[in-house]
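Every value quoted in this text rests on a predicted model; they were computed, and no experiment measured them.
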Amino acid sequence: MKKIGILGGSFNPIHNAHLMMAYTAKKQFELDDMWLIPAKNPPHKQSVAFSDEHRLNMLRLAIREYPGLSVHLYEYGKEGLSYTVETLRAFHLCYPDCHFFYVMGEDSLADFKRWYHPEEIAQLADIIVASRDFSNDSLRKLLIENRAEFGNPFLELEMDYLPISSTEIRCRVRNGEALNGLVPKSIEQYISDNGLYKENV
């Protein structure tokens with residue numbers, strides 16, 4: 001059975017923490033493939049439709065440096081909001097020979113109980129979680145709590161904490177600040193060439 005990792009998100013823009021989470025998870029858990037799935041209409045964020053083409057271009061550009069990472073556009077073919085549980089249901093039907101691993105950050109795990117059908121998500125995929133702090137103590141507590149509640153593996157991703165967010169990147173671009181170390185050089189160049197994030201979005 002193939003082991004498939006999934007990292008979903010707005011990727012507006014994709015940054016080094018996204019890439020390291022995906023690539024580290026693939027290596028640590030010996031996954032056959034890692035799919036990055038850009039959300040068309042994430043239920044927890046404002047619409048990001050203005051930059052759909054640019055988000056996809058940046059995703060494809062960024063993963064060129066990371067073998068085994070690919071972009072999956074399932075959620076782009078859907079109408080309405082992009083719910084994780086619906087994506088996983090579809091993947092189980094489309095790829096019955098695959099075992100899925102869903103990658104998220106600690107902040108997402110802290111809110112996981114309020115996701116749409118979290119109990120089903122935990123049955124459809126093993127959950128891999130990256131720390132959002134320099135200490136892993138809070139993450140390990142959350143892992144124990146969620147294992148007890150949902151019964152399925154919640155796994156710790158072994159990588160250094162990278163305090164990067166897409167919101168910070170957009171703010172830096174808007175303020176004319178450098179993006180050193182936050183995104184790959186190719187993405188920094190793409191943002192500059194296309195004049196992205198100059199407005200308050």
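Heavy-atom minimum distance, Arg55 versus Pro38: NH1-CB, 4.3 Å. In terms of heavy-atom proximity, Met159 sits nearest to Ala130 at SD-CB, 4.4 Å.
With sequence neighbours excluded, the residues that form a side chain to side chain contact (heavy atoms under 4.5 Å, CB included) with Lys2 are Ile4, Asp32, Asp33, Cys98. Legend: residues meeting side chain to side chain donor-acceptor pair (under 3.5 Å) with Lys113, ordered by chain and number and at least two apart, are Glu149. Shown here are the salt bridge (charged side-chain N to carboxylate O under 4.0 Å, His left out) partners of Arg140, two or more places apart in sequence or in another chain: Glu156. Evaluation of the ring pair (Phe, Tyr, Trp, His ring centres under 6.0 Å) rule for Tyr102 yields no partner, not counting sequence neighbours. Taking Arg172 as the reference, Glu168 meet the side chain to side chain donor-acceptor pair (under 3.5 Å) condition, with sequence neighbours excluded. Checked against side chain to side chain contact (heavy atoms under 4.5 Å, CB included), Ser166 has the following partners two or more places apart in sequence or in another chain: Pro13, His15, His18, Arg170.
Screening residues 66-76 for salt bridge (Lys or Arg N to Asp or Glu O under 4.0 Å), with sequence neighbours left out, gives no hits. Pairs engaging residues 4-23 under the salt bridge (Lys or Arg N to Asp or Glu O under 4.0 Å) rule: none recorded [sequence neighbours left out]. The list of side-chain hydrogen bond (donor to acceptor under 3.5 Å, both in side chains) pairs with a residue in residues 60-72, not counting sequence neighbours, reads His72-Tyr95. Legend: salt bridge (Lys or Arg N to Asp or Glu O under 4.0 Å) pairs involving residues 90-109, not counting sequence neighbours, sorted by first then second residue: Asp107-Arg132.
Separation of atoms CZ (Phe11) and CG (Leu19) is listed at 8.5 Å; rounding is to 0.5 Å. Here Leu142 contributes atom CG and Asp111 contributes atom CG; the two are 11.0 Å apart, rounded to the nearest 0.5 Å.
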Compile the donor-acceptor pairs under 3.5 Å between side chains in residues 176-192 and protein atoms, sequence neighbours left out, one pair per line.
unit_1	atom_1	unit_2	atom_2	d
Gln189	NE2	Asp193	OD1	2.8
Tyr190	OH	His54	ND1	2.8
Tyr190	OH	Asn57	ND2	2.8

Sequence neighbours left out, cut at 3.5 Å: what donor-acceptor pairs do the side chains of residues 119-127 make with other protein atoms?
unit_1	atom_1	unit_2	atom_2	d
Glu119	OE2	His117	ND1	3.3
Glu120	OE1	Arg89	NE	3.4
Glu120	OE1	Arg89	NH2	2.8
Glu120	OE2	Arg89	NE	2.9
Gln123	NE2	Phe150	O	3.4
Asp126	OD1	Asn152	ND2	3.2
Asp126	OD2	His99	NE2	3.1

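Ring geometry for Trp35 against Phe91 counts as perpendicular: the plane angle is over 60°, on a 0 to 90° scale with 30° as the lower cut.
No side-chain donor from either of Asn136 and Tyr161 sits under 3.5 Å from a side-chain acceptor of the other.
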